[in-house]
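Notes to accompany the following structure.
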Amino acid sequence: MPELPEVEGVVRSLAPAASGRTIRDIAVSDTVIQSKSEAKEAILKNISAEEFAERMRGMTITDVTRRSKYIYFHLEKNGETFLLVSHLGMSGAWFAVNDIDEVKEEKFRRHIHVIFGMEDGGLLAFADIRRFGELRLIGEESDHPPLLAMAPEPFDESAAGHFLSLCRTAKYAGKPIKETIMDGKVISGCGNIYATEALFRTGIHPVRKTGRISMERLERLFAEIRQVLGEAIEAGGSSISDYRNINGEAGGMQNRLRMYGRKGCPDCGAETKRVTIAGRTSVYCPKCQH
DNA sequence: TACTGATCCCGGTTGC
DNA sequence: TGCAACCGGGATCAG
């Protein structure tokens, strides 16, 4: 499951691999075309496969950046600029190759849904096993309001203040802290893995009401989230199931996670417990987290 | 108006 | 071995 550090890894390799290249043609998988014909929004959002291919043709990729868990392809065509916003969902991956056969893992290769053929002959391929990912072609961020509602980047100076002030609002004070920190309007890019890890590191119980946590502990929690996200970026992300970078490599952070997916607490040895919060499984140590 | 809950997008994994 | 239930990030929409 790609979260912010995994997306950061993708962008760091995609930016040099894709920038400056121009798209010659687009191929969309039969699977996606079939889904679109049934009026489903599989991967391609708010656009038909034909129109997507038509509009993308001739676009030059000027840069690739990250915003929260979204990948922004900055595009230019005939003096006009566009944004292709890509989310990896649960199992999305980008590959920069010269031939589809270079995508070594079959489970990704057989789920390649959009291929950008470049004028230089190379390919950028978007694979997505479960098709929860998305590609959305817009003019600018404001064309898709949810993008404007996202919290500041966690490494921005304003992020801690934004988080702390929202914690004291009526809307979030009554929610479990885990639900609050996983809300993209509160903190950008903190998904289940890193939320679980940061709560363990600060000894905070995931179900504890946000409003019942002191400002001091909330400040420490935010610092720990930033810390664990930074560590994960350095480690190349966590490959829990389906994360791969654009060269098909898994990350190394999963080996350094101390609570996510664990049966026993690494500090006290107690059996970990799991609870469902906002529809997602949370693991915690009943002795160390309060 | 603002918020909540349901629904949808899916195939790999798990458990019977 | 086969199959049904389960899982989940985010958008959207009904209420």
Side-chain angles (χ1 to χ4, degrees), chain A residues 1-8 10 28-49 52 66-72 83-93 105-114 126-138 141-151 154 166 169-176 178-196 206 210-211 229 237-244 250 254 260-261 263 274-283:
Chain A
M1 285 176 289
E3 297 183 23
L4 184 150
E6 292 75 33
V7 178
E8 177 68 20
V10 169
V28 178
S29 72
D30 291 343
T31 309
V32 167
I33 289 172
Q34 173 68 28
S35 289
K36 297 295 290 183
S37 75
E38 294 166 11
K40 294 175 182 172
E41 288 292 279
I43 298 181
L44 298 179
K45 304 300 180 186
N46 274 323
I47 196 168
S48 69
F52 181 76
R66 180 188 59 72
R67 177 72 175 92
S68 188
K69 300 182 207 171
Y70 293 90
I71 299 165
Y72 285 5
L83 214 48
L84 177 68
V85 179
S86 168
H87 196 289
L88 300 175
M90 308 289 299
S91 54
E105 282 181 277
E106 204 228 340
K107 70 171 176 175
F108 285 99
R109 196 174 57 246
R110 61 193 290 255
H111 293 287
I112 291 173
H113 291 299
V114 181
F126 181 70
D128 189 354
I129 298 166
R130 278 186 260 182
R131 281 180 262 164
F132 270 39
E134 67 177 64
L135 297 179
R136 187 185 300 272
L137 178 59
I138 57 179
E141 269 190 323
S142 58
D143 293 338
H144 187 53
L147 297 175
L148 298 179
M150 290 189 289
L166 283 181
T169 61
K171 174 171 175 168
Y172 290 104
K175 290 184 192 282
K178 178 127 180 305
E179 184 175 345
T180 300
I181 64 178
M182 284 178 62
D183 185 324
K185 296 187 286 302
V186 180
I187 296 177
S188 274
C190 182
N192 202 7
I193 297 171
Y194 301 112
T196 295
T210 303
L229 291 175
S238 302
S239 293
I240 296 298
S241 54
D242 297 324
Y243 168 66
R244 298 293 181 276
Q254 64 279 7
Y260 185 86
K263 293 246 188 317
R274 48 186 59 225
V275 60
T276 300
I277 301 167
R280 284 162 223 149
T281 305
S282 295
V283 186

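FYI, side chains are in, hydrogens and waters are out, and symmetry mates aren't considered; it's all heavy atoms of this structure. Chain letters run A, B, ... following the sequence lines, proteins first and then strands; every chain starts at 1.
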Upstream residue (5' side of DNA chain B) when A:H111 and A:K171 are each assigned their closest nucleotide
A:K171
Can you give me the closest heavy-atom contact between A:N192 and A:R280, atom names plus distance?
ND2-CB, 4.2 Å
Taking the ring centre of each residue, are A:H113 and A:F126 less than 6.0 Å apart?
no
Any A:R130 side-chain N or O less than 4.0 Å from OP1/OP2 of B:dC10
no
Under 3.5 Å, side chain of A:S86 to main-chain N/O of A:I71, donor-acceptor pair present?
no
Starting from C1' on C:dG9, measure out to CG on A:D128 and report it in whole angstrom.
12 Å
Is any side-chain nitrogen or oxygen of A:T281 closer than 4.0 Å to OP1 or OP2 of C:dC7?
no
Strictly below 4.0 Å: does A:R280 bring a side-chain N or O up to OP1 or OP2 of C:dG9?
yes
Calculate the interatomic distance between A:K107 atom NZ and B:dG12 atom P; express it in whole Å.
9 Å
Whole-Å distance separating the CG atom of A:D183 from the C1' atom of C:dA11:
14 Å
Using atom CD of A:E179 as one end and atom C1' of C:dG9 as the other, report the distance to the nearest whole Å.
14 Å
Write down the distance between NZ (A:K69) and P (C:dG8), rounded to a whole number of angstrom.
12 Å
Ignoring backbone atoms, test whether A:Y70 places a side-chain nitrogen or oxygen under 4.0 Å from the OP1 or OP2 oxygen of C:dA11.
yes
